[in-house]
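We name chains A, B, ... by the order of the sequence lines, and we start the count at 1 in each one.
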Amino acid sequence: MPKSFYVTTPIFYVNDAPHIGHAYTEVAADVITRWHRQRGDSSFLLTGTDEHGEKVLRTALGNNTDPKAWTDRLVKDSWLPLLETIDVDNQDFIRTTEERHKVAVQKFLKQLLDAGHIYQGSFEGNYCVGCEEYKNESDLIDGSGEFEGQRVCAIHSKPVEQLNENNYFFKLSHFQDRLLEHYEKNPTFVQPESARNEVVSFVRSGLSDLSISRSKERFDWGIDIPWDTSHITYVWFDALLNYITAIGYGTDEEKLHSLWPADVQVVGKDILRFHAVIWPAMLMAAGMEPPKQVFGHGWLLVGGEKMSKSKLTGIAPNEITDVFGSDAFRYYFMKAIGFGSDGSFSWEDLSARYTAELANGFGNLASRTVAMVARYFDSDIPQANEYQPADKQVQEVAAQAVSGAEAAMDRVAIHEAIASTWKLVDELNNYITTQEPWVLAKEESTRERLGTVLYTSIEGLRVLAVLLAPVMPKACEKLWAAIGSALGELSNQSISEAGVWGQLTAGTKISELEALFPRVEEK
RNA sequence: GGCGGGGUAGCUCAGGUGGUUAGAGCGCACGGCUCAUAAUCGUGAGGUCGCGGGUUCGAGCCCCGCCCCCGCUACCA
């Protein structure tokens with residue numbers, strides 16, 4: 001079984017409703033996965049939900065329900081619908097509460113225990129009784145009044161207690177050197193470069209062992225430690241394992257090897273450390289390969305600030321898709337933001353790009369081309385005759401658009417891939433204006449030339465439909481249905497071959513095309 | 001404080017190893033065209049490249065100092 005290109009998203013913590021930040025991650029991973037599939041490889045996208053942990057438990061109880069019912073409802077009402085909203089084509093969806101996950105996590109834990117990577121120790125932390133949880137040093141502030149001189153919980157302003165808990169620890173510290181060596185030997189393991197720097201400097205500063213269990217005395221919403229059922233597994237340890245429990249770890253070695261190691265694990269930069277430090281160390285401990293790449297994308301900024309619910313800048317994805325559609329959502333976030341950088345979102349920018357680039361650029365190009373073939377050739381794809389320099393230039397730009405996009409995607413530079421493709425959109429609009437097919441149509445003597453010009457234009461559209469399919473699947477399917485269905489399914493058109501000129505056959509009927517990106521009236 | 005990223009046209013951003021008049025898209029102004037979603041094409045205006053020094057024949061790119069913004073500095077997920 002040949003290895004598939006395996007892409008993952010983080011599994012989303014189900015405490016909240018999805019916002020465009022979650023959707024952004026999903027779309028990026030989906031575009032990467034679809035791209036590799038369109039290129040002719042087999043590819044696999046995994047996403048899912050992270051459902052254990054104290055916060056989920058507490059939220060559920062706060063809503064007068066139990067955690068299972070609570071997460072069931074959120075998954076069904078919020079998270080699965082999100083994938084529909086933004087048109088994500090995932091091959092699997094894992095929930096950490098599923099039996100297949102629990103069983104595999106326990107197997108993994110046992111494997112690490114047997115290999116000597118887990119030991120029992122005591123965890124000492126600053127426990128806030130008010131919050132009912134351990135606090136980081138950074139969550140504490142200097143006390144005042146009766147607590148002058150003490151460190152207190154920032155929320156409750158009361159001193160925290162030093163509590164000891166007997167926990168199981170993962171010997172993370174033992175992997176410090178191997179991790180550094182791995183970063184050294186695999187410069188693109190963590191991307192972008194800035195993320196890599198942070199990770200390397202973090203590991204260089206020294207790693208402590210990781211407490212990977214929690215006593216049930218505190219809460220019990222999690223996966224039992226297999227050899228000690230008075231403890232459950234620390235949520236992150238459980239969550240990270242989804243990337244292999246979903247694909248057969250412990251149950252289906254063949255499937256596991258057909259996918260692992262993952263090719264790209266897309267994560268937000270806030271959870272980079274878990275994925276670029278703890279996760280590979282866990283895998284090393286189990287004798288498995290780390291993923292080939294962990295890519296940390298940036299924040300979406302609204303009004304110059306990181307989006308947040310409390311500041312009312314959290315935007316639900318369907319607020320955007322209801323107006324502009326899923327393709328525009330996908331296009332906008334992939335094109336307007338350098339993948340890996342932070343990016344500012346604004347309705348004005350979205351609207352402007354939709355109008356200028358999608359409606360007036362790509363959409364109108366498709367309209368004018370299809371309309372002229374219909375009008376001047378009764379919807380038969382015309383014969384191309386002798387190619388002139390202008391026609392050859394279109395062919396060249398098309399080939400460059402393909403190779404440029406492929407090179408960019410190999411670096412996971414999604415925005416550059418789209419920019420490379422867009423050169424063909426601009427070239428074609430320019431070409432049509434310059435060649436003036438409407439003038440050629442007036443004289444019978446220039447009819448052959450007219451055919452060549454329109455053939456060239458529609459072939460260009462064919463290339464665009466293939467190249468843009470991973471980003472805008474719906475619009476490209478529509479376009480393909482109008483101009484390319486005689487060549488077979490759009491999904492079978494390989495990106496690598498897309499730049500080969502002359503695939504559409506003269507005489508083939510094309511069909512009507514509704515506006516791909518209808519104008520959105522000003523609100 | 002330490003480490004990392006960034007401060008370039010009104011806006012969003014490009015600008016390998018320093019080299020002719022600093023670029024793109026959008027927006028704006030003017031002109032052309034009419035196939036098309038009042039779409040398209042062309043031309044133009046617009047910048048002391050955060051501030052101050054320095055190296056160099058020559059610096060947005062190198063060095064020093066300073067100012068501002070952002071991220072990381074671990075076990076809430």
Q) Nearest to the side chain of A/A356 - B/rU37, B/rA74, B/rC26? A) B/rC26
Q: Side chain of A/E357 only, please: which of B/rA77, B/rC35, B/rG25 is the nearest?
A: B/rG25
Q.
For the C1' atoms, the ones on B/rG6 and on B/rG50, what distance do you get once it is rounded to whole angstrom?
A. 11 Å
**Q.** Plane angle bin for A/F170 and A/F175 - parallel if under 30°, tilted between 30 and 60°, otherwise perpendicular
**A.** parallel
Q.
Say we look at B/rG5 and B/rG46: how far apart would their C1' atoms be, to the nearest angstrom?
A. 29 Å
Q. Would B/rG23 be called syn or anti, given that syn covers angles within 90° of 0?
A. anti
Q.
Could you identify the nucleotide paired to B/rC13, looking across every strand shown and requiring Watson-Crick or G-U wobble geometry with both distances under 3.5 Å?
A. B/rG23
Q) Does some side-chain heavy atom of A/M284 sit less than 4.5 Å from a side-chain heavy atom of A/P290? A) yes
Q) Between B/rC76 atom P and A/R58 atom CZ, what is the distance in whole Å? A) 12 Å
Q | Distance in angstrom units between A/H297 NE2 and B/rG71 P, rounded | A | 15 Å
**Q.** Residue whose closest nucleotide on RNA chain B lies nearer the 5' end, A/R353 versus A/F219
**A.** A/R353
Q) In whole Å, what separates the P atom of B/rA14 from that of B/rG25? A) 16 Å
Q.
Classify A/L516 by what it touches in the nucleic acid, base, sugar-phosphate, or nothing, heavy-atom distance under 4.0 Å.
A. base
Q) Partner of B/rG71 by Watson-Crick or G-U wobble geometry, both contacts under 3.5 Å, or none? A) B/rC3
Q | Among B/rC70, B/rC41, B/rA36, the one nearest A/N429 by side-chain distance | A | B/rC41
(Q) Using heavy-atom distances to pick each residue's nearest nucleotide on RNA chain B, tell me which of A/I432 and A/I212 is more 5'. (A) A/I432
Q) Between A/H22 and A/W79, what is the ring plane arrangement, given parallel below 30°, perpendicular above 60°, and tilted in between? A) perpendicular
Q. When the P atoms of B/rG44 and B/rA24 are considered, how many whole Å apart are they?
A. 10 Å
Q: Mind checking A/A359 for me? I need base, sugar-phosphate or nothing, with any heavy atom below 4.0 Å counting as a touch.
A: base
Q | Short side-chain to backbone donor-acceptor contact, A/K474 and A/L516, under 3.5 Å | A | no
Q: Quick one: label A/I278 by what it contacts on the DNA or RNA (base, sugar-phosphate, nothing), any heavy atom closer than 4.0 Å.
A: nothing
(Q) Using atom C1' in both nucleotides, what's the gap between B/rG7 and B/rC49 to the nearest angstrom? (A) 10 Å
(Q) Both distances below 3.5 Å, Watson-Crick or wobble geometry, any strand: find the nucleotide opposite B/rC30. (A) B/rG42
Q.
Work out how far the P atom of B/rU20 is from that of B/rA59, and round it to whole angstrom.
A. 11 Å
Q. Which part of the nucleic acid does A/F517 contact within heavy-atom distance under 4.0 Å: base, sugar-phosphate only, or nothing?
A. base
Q) Taking atom C1' in both B/rG47 and B/rG60, what distance in whole Å separates the two? A) 12 Å
Q. Between B/rG42 and A/N430, is there an OP1 or OP2 to side-chain N/O distance shorter than 4.0 Å?
A. yes
Q. Is B/rC62 paired to anything, Watson-Crick or G-U wobble with both distances less than 3.5 Å, and if yes, which nucleotide?
A. B/rG54
Q: Please state whether the rings of A/W422 and A/Y331 are parallel, tilted or perpendicular, taking 30° and 60° as the class boundaries.
A: tilted
Q: Just compare B/rG32, B/rA74, B/rC3 and give me whichever is closest to any side-chain atom of A/R273.
A: B/rA74
Q. Taking the side chain of A/R368 as its heavy atoms from C-beta onward, which of B/rU12, B/rC35, B/rU73 lies nearest to it?
A. B/rC35
Q) Considering only B/rA77, B/rA39, B/rU12, which nucleotide approaches the side chain of A/D270 most closely? A) B/rA77
Q: Please report the closest heavy-atom contact between A/H52 and A/V56, naming both atoms and the distance.
A: O-CG2, 3.8 Å
(Q) Tell me whether the side-chain N/O atoms of A/Y234 come closer than 4.0 Å to OP1 or OP2 in B/rA77. (A) yes
Q. Hey, what's the ring geometry for A/F333 with A/F329, parallel, tilted or perpendicular (30° and 60° as the breaks)?
A. tilted
Q. What is the nucleic acid contact for A/R519, judged by heavy atoms within less than 4.0 Å: base, sugar-phosphate only, or nothing?
A. base
**Q.** Touch class at under 4.0 angstrom, heavy-atom based, for A/G53 against every strand present
**A.** nothing
Q.
Nearest whole Å is fine: how far is B/rG71 C1' from A/R196 CZ?
A. 18 Å
(Q) Can a donor-acceptor pair be found, under 3.5 Å and without considering hydrogens, that links the side chain of A/T9 to the backbone of A/E26? (A) no
(Q) Can you confirm if the aromatic rings of A/F377 and A/Y455 lie within a centre distance of less than 6.0 Å? (A) no
Q | Rounded distance (Å) that lies between atom C1' of B/rC70 and atom CG of A/N197 | A | 15 Å
Q. Side chain of A/R214: nearest nucleotide among B/rG71, B/rC35, B/rA77?
A. B/rA77
**Q.** Length of the CD-C1' vector between A/E427 and B/rG25, whole Å
**A.** 17 Å
Q.
Under 4.0 Å, heavy atoms only, any strand: does A/D349 hit a base, just the sugar-phosphate, or nothing?
A. nothing
Q: Could you check whether A/S346 gets within reach of a base, just the sugar-phosphate, or nothing at all, counting any heavy atom under 4.0 Å?
A: nothing
Q: Rounded off to whole Å, could you give me the NZ-to-P distance for the A/K55 and B/rC76 pair?
A: 9 Å
Q: Can you check whether any acceptor in the base of B/rA39 is under 3.5 Å from a donor in the side chain of A/N364, or vice versa?
A: no
**Q.** Base-pairing assignment for B/rC49 (Watson-Crick or G-U wobble, both under 3.5 Å)
**A.** none
Q. Among B/rC35, B/rU12, B/rA77, which nucleotide sits nearest the side chain of A/S344?
A. B/rU12
Q: Round to the nearest Å and state the distance from A/K423 atom NZ to B/rA14 atom P.
A: 15 Å
Q) Counting side-chain heavy atoms from C-beta on, which of B/rC26, B/rC35, B/rA77 comes nearest to A/Y376? A) B/rC35
Q) Using the P atom in both, what is the distance from B/rU21 to B/rA29, to the nearest Å? A) 31 Å
Q) Contact class for A/G268 vs. all strands (heavy atom < 4.0 Å): base, sugar-phosphate, or nothing? A) nothing
